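Below is one structure, written out as structure tokens, with a few remarks after it.
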Amino acid sequence: MSFVEYSELIQEGDVVIIFLGHDSMMPVKVQSGAQTQTRYGVIRHSSDLIGQRFGSKVTCSKGGWVYVLHPTPELWTVNLPHRTQILYTTDIANITLMLDLKPGSVVCESGTGSGSLSHSILRTIAPTGHLHTVEFHAQRAEKAIQEFKEHKVSHLVTVRNQDVCAEGFGITGVADAVFLDIPSPWEAVTHAKRALKRKGGRLCSFSPCIEQVQRTCEALLNHGFEEICTLEVLLRVHDVRSVTLPLPDFGPEEDCTNSTQMASDLSQEEVPNTGNTSVICKTATPPREMAGHTGYLTFATKPRD
Amino acid sequence: MSFVEYSELIQEGDVVIIFLGHDSMMPVKVQSGAQTQTRYGVIRHSSDLIGQRFGSKVTCSKGGWVYVLHPTPELWTVNLPHRTQILYTTDIANITLMLDLKPGSVVCESGTGSGSLSHSILRTIAPTGHLHTVEFHAQRAEKAIQEFKEHKVSHLVTVRNQDVCAEGFGITGVADAVFLDIPSPWEAVTHAKRALKRKGGRLCSFSPCIEQVQRTCEALLNHGFEEICTLEVLLRVHDVRSVTLPLPDFGPEEDCTNSTQMASDLSQEEVPNTGNTSVICKTATPPREMAGHTGYLTFATKPRD
Amino acid sequence: MAECVNDSDAESAINYGDYVVLKRGDVFKSVQVENKKKVIFEKQWFFLDNAVGQLYGTMFEIEAGGSLKPKAVKRAGDSLDSKEAGQDNRHIVDDGRSQKLTRDDIETLKEQGLKGQEIVQQLIDNSTTFKDKTEFAQAKYIKKKKKKYESDITVLKPSTRLLAMMYHGREPGKICHLRYDTLAQILTLGNIHAGSKIIVFETCAGLVLGSVMERMGGFGSVIQMYPGGGPTRAGMESFGFPSHFHETLHEFPLCKVNALLAGTLDLSEKDTDSQANGSRIGGSDSSQETSGVSEEKNSEPQSMEVSVDPQEEMKRAEREKLREQRAQEKKVKMEEKRKKLASAAALLEGRNADGLVIASRFHPCPVLMGLLKFVAPSRPFVVYCQYREPLIECYTKLREQGGAISLRLTDSWLRHYQVLPNRTHPVLLMSGGGGYLLSGTTVATDAAKARNQHKSEEPAAKRLKLDEISSSCDSSAKAISVV
Amino acid sequence: MAECVNDSDAESAINYGDYVVLKRGDVFKSVQVENKKKVIFEKQWFFLDNAVGQLYGTMFEIEAGGSLKPKAVKRAGDSLDSKEAGQDNRHIVDDGRSQKLTRDDIETLKEQGLKGQEIVQQLIDNSTTFKDKTEFAQAKYIKKKKKKYESDITVLKPSTRLLAMMYHGREPGKICHLRYDTLAQILTLGNIHAGSKIIVFETCAGLVLGSVMERMGGFGSVIQMYPGGGPTRAGMESFGFPSHFHETLHEFPLCKVNALLAGTLDLSEKDTDSQANGSRIGGSDSSQETSGVSEEKNSEPQSMEVSVDPQEEMKRAEREKLREQRAQEKKVKMEEKRKKLASAAALLEGRNADGLVIASRFHPCPVLMGLLKFVAPSRPFVVYCQYREPLIECYTKLREQGGAISLRLTDSWLRHYQVLPNRTHPVLLMSGGGGYLLSGTTVATDAAKARNQHKSEEPAAKRLKLDEISSSCDSSAKAISVV
């Protein structure tokens with residue numbers, strides 16, 4: 001298992017995602033002899049996981065069962081231990097596309113945070129690219145290094161524990177793309193410019209507040225960035241369900257009205273052999289509440305020097 | 001005809017809306033002897049309009065036909081002569097509800113602009129309320145007065161031609177609600193407060209730019225307004241249409257696969273007696289482009305003095 | 001006239017019997033002010049008696065024993081500017097400083113005049129874990145925090161805005177998840193205003209009915225169509241309308257729509273009744289059929305024993321008297337009911353309603369097609385449905401059938417903003433959806449177009465006939481034409 | 001390693017044969033650079049020859065005769081602060097001052113470093129009539145203004161971003177109205193990355209295929225499933241991938257899916273063919289059946305005359321030779337085709353694909369149910385559809401059938417912002433919708449669950465069988481198991 005390559009079978013040391021049911025998962029590090037407690041009972045790593053195929057069903061001690069999944073950056077994003085606020089898949093997807101990331105891209109990121117975006121970047125730029133990620137907070141940087149090792153992607157990433165606004169990314173002229181998720185992105189624009197290749201590259205800054213966006217756009221313009229573009233993406237999940245709609249009873253049908261007739265036409269269309277009292281309709285409904293904002297994404301192009 | 005009361009029949013002097021087809025309308029002032037040219041030919045007011053029932057079909061000289069509609073504030077909004085940018089029905093609806101408008105409400109508005117919102121306010125506060133509308137621009141104020149007269153609502157409205165930021169609304173302590181659609185709403189907050197009743201009232205400010213919202217909210221807070229709340233509403237129109245979805249051809253069906261069988265199950269559900277090649281699906285699609293922003297609506301409550 | 005201040009404080013004092021809206025933070029509750037009645041709101045209980053005589057809009061604290069005490073009015077007016085740029089949530093996180101606002105921070109915010117809701121937003125912004133919670137957990141978090149920092153209760157006069165927000169926030173299921181901005185669209189697109197005649201069919205607890213009545217201001221008439229046992233009006237009652245508003249409200253059962261349309265609605269007893277010949281009514285089985293709601297079922301067991309015991313005899317006489325009294329009462333009620341039915345029928349029969357509003361859990365398509373017949377040409381109609389598919393069907397059916405133009409199927413998207421210096425952004429949680437609307441304008445139905453229709457035979461002739469009827473009935477809304 | 005600059009300018013020079021993206025304002029066009037080829041872009045025509053040898057990212061002016069001239073690089077860097085607060089569109093309107101920016105204003109804006117697009121936004125903001133135009137008229141207005149103020153052309157290296165925005169802006173119908181942010185979701189939710197084996201079925205002009213290949217970087221394999229006549233690849237070609245990328249691309253016709261699943265796919269000639277015994281191929285009718293696309297139809301009329309004219313004889317001999325040559329060519333092509341089919345079949349037959357992407361105008365439900373069988377357990381799949389209803393059906397079917405978890409039906413909402421001092425607001429026009437996605441993760445199908453299914457008899461056994469097969473075939477992706 002690695003976050004940049006699929007494996008067929010579960011091995012010692014792998015991180016697997018235990019799927020317990022709708023929106024309920026947990027990450028587990030596989031160690032022979034170890035056990036994991038779930039609400040369906042105990043999973044014994046040696047007998048239940050090691051050697052099993054990813055995606056298979058594992059029966060727990062209480063008779064319940066779970067699926068064991070191969071980790072992906074997307075599964076990691078919803079399962080990772082939170083050290084900070086994290087970026088979610090909808091924003092990550094757009095960042096990846098709008099930064100033109102692909103295998104071989106050299107990318108700078110700050111801050112590393114909980115590594116949600118980092119894993120996704122690494123997946124995309126492997127096997128020939130490199131990620132330079134800068135994290136101000138020492139313990140977080142340390143933890144990220146450790147995670148990257150466990151996830152078998154450490155050969156693709158350099159973690160630096162420094163203040164990006166003061167010290168930059170620690171590289172010059174090698175990056176295809178720079179991503180900023182810091183409180184004062186405008187203070188890091190010069191460093192971002194320096195990190196990008198002479199022939200140019202792309203930049204993205206993520207900020208929750210519009211004032212941050214305003215100051216960042218101004219700094220980008222002042223530093224010669226082009227195609228400055230701010231956007232926002234919201235995901236809406238739809239629940240698929242069947243709903244029952246009662247039909248109105250307009251009373252006994254008289255010869256010169258056609259309203260009930262209409263109603264029965266309808267029910268014929270939808271519930272052939274039932275009484276005229278209701279129709280069932282397959283529909284999709286949005287959740288009562290959803291994420292209404294994560295942050296603004298500002299993109300820009302550094303032109304050739 | 002009046003904008004605050006329905007009539008059955010078209011009369012001399014009425015404003016009627018000629019409905020020419022999907023999203024194509026024009027307002028006409030009915031005058032005996034007059035004619036109106038449409039793409040379907042001429043409409044003769046004396047014979048084709050006066051005495052006809054609102055909502056009836058009128059055949060034009062070229063044989064085409066149109067519907068003649070009773071004016072409503074909503075039809076007026078999409079048909080009025082533009083002297084400024086105007087407010088549209090989606091925002092108007094929310095302004096009306098969030099300002100607690102109803103028959104009897106006393107409302108202040110600035111600027112009058114093209115009168116789109118004014119007509120809607122007048123409809124709602126009639127027959128016992130009053131609108132005090134302030135317009136900086138003399139010709140626009142004059143035109144509004146004239147329109148209100150023609151629309152038989154002038155008894156419900158006072159138009160003032162003055163600068164609301166400098167001179168206020170010209171009234172004190174009588175308003176239930178104040179609406180601001182001006183470039184610097186923060187400069188009118190004191191005047192708004194003065195116009196509102198001692199027992200309190202509601203305020204709304206419409207601004208396209210977030211910087212205007214920020215300054216307005218600050219001013220509202222500084223002047224003791226409460227429940228300050230900024231929101232944005234976007235309307236999405238869905239086109240209802242039938243779409244044809246081809247079914248894939250997986251080749252001749254073999255005994256141990258069920259994919260084509262699946263496809264035929266499907267087509268049975270949806271096009272009973274047709275070949276297996278496609279299904280028709282009734283759906284609603286959003287337009288390719290829609291209004292992505294009109295303005296931010298900021299609401300606030302003036303508490304009791 | 002402009003300076004005439006019609007703003008007496010008398011009219012805005014809270015009284016016993018008033019329907020009021022309690023506000024705490026942005027949570028609302030509608031109650032009637034009653035003597036020594038315990039009110040439970042957001043897990044706190046108290047009595048409203050001390051609020052009586054106070055002015056609407058007053059804020060109260062809850063004291064020991066559940067009595068309310070008016071709070072001293074605090075002069076707001078402090079600016080929020082003191083918070084510096086860059087001091088937003090991200091910064092706090094990335095500095096490696098405290099990842100949450102401290103208790104002191106919150107006190108500072110409070111002193112700066114931040115309202116409870118804003119403090120909660122601050123807490124959210126500064127919680128590193130908030131965004132990572134599930135939606136459910138987020139909502140719970142907000143609720144918990146709100147409870148803590150928003151404890152004062154304000155007593156407000158009800159309005160569509162407050163009640164619509166209350167229902168949407170607390171019991172969206174009761175109002176078919178109709179969001180307040182969607183209700184706003186309904187009222188505006190429906191051109192609801194004083195003096196018009198509006199047909200309303202809703203299963204939104206009476207909220208839609210009440211909001212229509214508010215916009216009518218007691219002028220004109222509202223005909224509430226109702227399904228099954230009777231109209232739901234709790235939401236409407238919560239508006240606390242003056243009594244003359246109620247005189248403008250009529251009701252008509254859906255199950256008599258066909259009879260009304262066919263001209264076979266049985267109202268013949270109406271005139272005879274009023275001429276005192278009431279004996280047939282109580283016993284007639286047909287009356288029960290027409291009554292719609294039979295509120296009272298005689299619970300008294302009908303004794304079949306024959307006895308000569310004088311006490312028994314007295315009891316029997318008494319029972320007999322009671323029964324007759326009941327029958328008489330019932331007769332009067334039935335009579336009232338019939339009168340109401342007749343007046344609603346008279347309003348509908350003109351087929352000249354000025355608008356139609358539908359917002360129900362029923363399939364909107366048959367409802368719309370049935371009720372649209374009562375609307376005059378050149379009038380707006382609005383249909384709300386929580387789901388999209390049924391309105392697609394309505395749209396298709398209307399297009400086929402004609403009689404309506406400017407059809408629009410819409411939904412709307414609503415987002416609130418936090419506006420604070422250097423921390424301006426959309427609120428993190430938003431409503432997933434506000435339901436769908438189909439709106440349009442009626443026009444005179446047309447024989448030529450009907451002839452080109454799918455179903456070719458009878459509808460054309462039929463529609464023409466209906467059309468003629470409705471034209472001929474226009475000016476005779478009061479007369480009940482018995483066909 | 002960190003300071004090693006792998007940024008040679010040589011690799012980023014424009015060459016003949018390159019696929020490039022032309023940019024003017026925010027309008028894009030994809031073209032191949034060819035010798036003296038006239039290119040028409042936004043109603044202007046020119047030749048790209050002068051661009052050859054220049055670096056990617058260079059901006060050109062069009063000179064007389066349609067030749068391009070590189071523009072001098074202008075140092076940007078002026079702040080926009082000079083516009084004052086309050087000087088927004090509303091103010092201009094209400095002051096009664098000029099209701100539009102004057103020509104001078106525009107020049108000033110230009111000097112301030114505003115790009116064409118921003119100037120257009122300014123014009124919009126300052127047009128009193130813009131908001132009042134219909135949506136169509138608004139779009140037209142923008143386009144007209146853009147043409148006027150954005151005339152320079154930049155030559156860019158193609159990328160998913162540019163091509164996705166290009167197709168969405170210019171020819172959304174060709175890509176089933178797939179919006180770029182939705183494509184972004186597809187690629188991420190599909191976990192598309194180097195080294196994996198991805199099945200793609202699309203009718204989006206090859207854009208989705210190309211974007212998947214870009215993310216694979218020439219590592220791993222892509223199997224394009226295609227309907228009818230053959231795969232569409234124009235969009236993929238526009239990426240201008242190096243040739244080794246093309247070696248990772250395989251194709252397989254949908255119409256052979258059943259045969260492949262049944263194990264009856266006729267590839268028997270494959271081995272014999274490669275051993276030079278090719279005579280049977282050309283004549284065999286079955287080959288035509290298996291070929292899918294028969295690109296070349298012999299247009300030469302087969303002469304049936306018998307003649308002894310020596311010239312005729314020579315001609316005939318020549319014709320014969322030509323015919324044989326053609327047959328030989330055809331044979332080679334058929335052979336290539338068969339090899340390609342065999343290699344695609346081999347990749348599929350392992351039933352261990354690492355992902356499945358569907359984005360087509362076909363009903364997604366049968367496509368998904370058919371192709372999901374080729375995907376290994378614990379792998380993501382993503383289905384795009386412009387409409388909602390077909391994906392609801394997919395969702396329901398998958399729930400019934402099992403074998404997939406974490407099903408999510410989503411759409412997304414995208415809005416761009418104008419960020420300018422004191423004039424920050426969302427862009428006035430936005431896309432109405434970006435289409436719908438159904439995504440999920442495959443899991444091993446399970447006998448127990450299958451037994452509880454609606455269709456009770458065979459599917460359980462069948463699925464179990466398929467499952468066993470796919471397990472036993474995992475490590476033998478190269479071997480073709482003929483059942």
Side-chain angles (χ1 to χ4, degrees), chain B residues 4-6 8 19 53-57 67 69-70 72-74 89-90 92-94 96-98 100 102-104 120 123-124 126-128 132 158 170-174 197-200 210 213-214 217-218 221-224 229-238 240 282 284 296 303-304, chain C residues 2-7 9 12 55-57 75-77 79-80 113 159-161 164 180-181 183-185 187-189 191 193-196 214-217 219 354 376-380 388 392 395-396 405-406 408-417 419 424 441-444 446 471 474:
Chain B
V4 298
E5 208 173 332
Y6 284 114
E8 193 195 341
F19 180 87
R53 195 178 188 198
F54 280 108
S56 44
K57 183 178 277 192
Y67 284 110
L69 301 180
H70 197 291
T72 65
E74 290 62 50
T89 299
T90 308
I92 290 174
N94 281 284
T96 308
L97 184 123
M98 299 294 274
D100 291 339
K102 57 190 178 188
S120 198
R123 176 264 318 274
T124 301
T128 48
H132 298 271
T158 306
I171 50 162
T172 305
V174 301
K197 288 184 178 165
R198 279 198 57 223
K199 69 169 180 179
I210 195 71
V213 174
Q214 290 169 319
C217 284
E218 204 188 325
L221 199 66
N222 289 341
H223 286 86
C229 158
T230 300
L231 57 85
E232 198 189 0
V233 191
L234 293 179
L235 190 79
R236 198 160 51 153
V237 180
H238 303 265
V240 175
K282 201 89 183 168
Y296 300 99
R304 179 180 303 282
Chain C
E3 298 294 327
C4 142
V5 180
N6 180 16
D7 187 20
D9 276 344
S12 50
L55 301 177
Y56 276 101
R75 292 305 315 162
S79 163
L80 284 168
S159 73
T160 297
R161 168 175 63 97
Y180 38 96
D181 62 315
L183 177 58
Q185 304 297 318
L187 297 170
T188 295
L189 292 174
N191 191 18
H193 64 275
S196 45
E214 187 186 78
R215 289 285 172 94
M216 312 262 307
F219 306 93
D354 294 318
S378 195
R379 297 294 186 274
R388 204 171 88 131
I392 292 180
Y395 184 102
T396 308
I405 56 170
S406 288
R408 296 228 299 178
L409 174 57
T410 62
D411 69 344
S412 62
W413 178 94
L414 172 73
R415 196 155 65 158
H416 289 260
Y417 284 79
V419 182
T424 301
T441 301
T442 55
V443 286
D446 168 57
S471 299
D474 279 334

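Reminder, nothing fancy here: chain letters follow the sequence lines and each chain counts from 1. The shown structure was predicted, so the numbers you read here are calculated from the model rather than taken from an experiment.
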Any donor-acceptor pair under 3.5 Å from B:Arg53 side chain to C:Pro377 backbone: no
Heavy-atom proximity to chain C below 4.5 Å, by part of B:Phe19: side chain
Salt bridge (charged side-chain N to carboxylate O under 4.0 Å, His left out) involving B:Arg236 - partner list, sequence neighbours excluded: C:Asp411
Atom pair OG1 (B:Thr128) and CZ (C:Phe219), whose distance is rounded to the nearest 0.5 Å: 4.5 Å
Check: B:Arg304 side chain, C:Tyr56 main-chain N or O, donor-acceptor pair, under 3.5 Å: yes
Partner set under salt bridge (charged side-chain N to carboxylate O under 4.0 Å, His left out) for B:Glu74, not counting sequence neighbours: B:Arg123
4.5 Å side-chain heavy-atom contact, C:Tyr417 and B:Val213: no
Euclidean distance, B:Glu232 CD relative to C:His416 NE2, rounded to 0.5 Å: 11.0 Å
Side-chain donor-acceptor contact under 3.5 Å, C:Asn191 with B:Thr72: no
Check: B:His70 main-chain N/O paired with C:Ser378 side-chain donor or acceptor under 3.5 Å: yes
Chain B contacts, top residue of C:Arg215, C:Glu214, C:Met216 (heavy-atom pairs, under 4.5 Å): C:Arg215
Parallel, tilted or perpendicular, as decided by the 30° and 60° cut-offs, for the rings of B:Tyr6 and C:His193: tilted
Donor-acceptor contact below 3.5 Å, side chain C:Gln185 vs main chain B:Thr90: yes
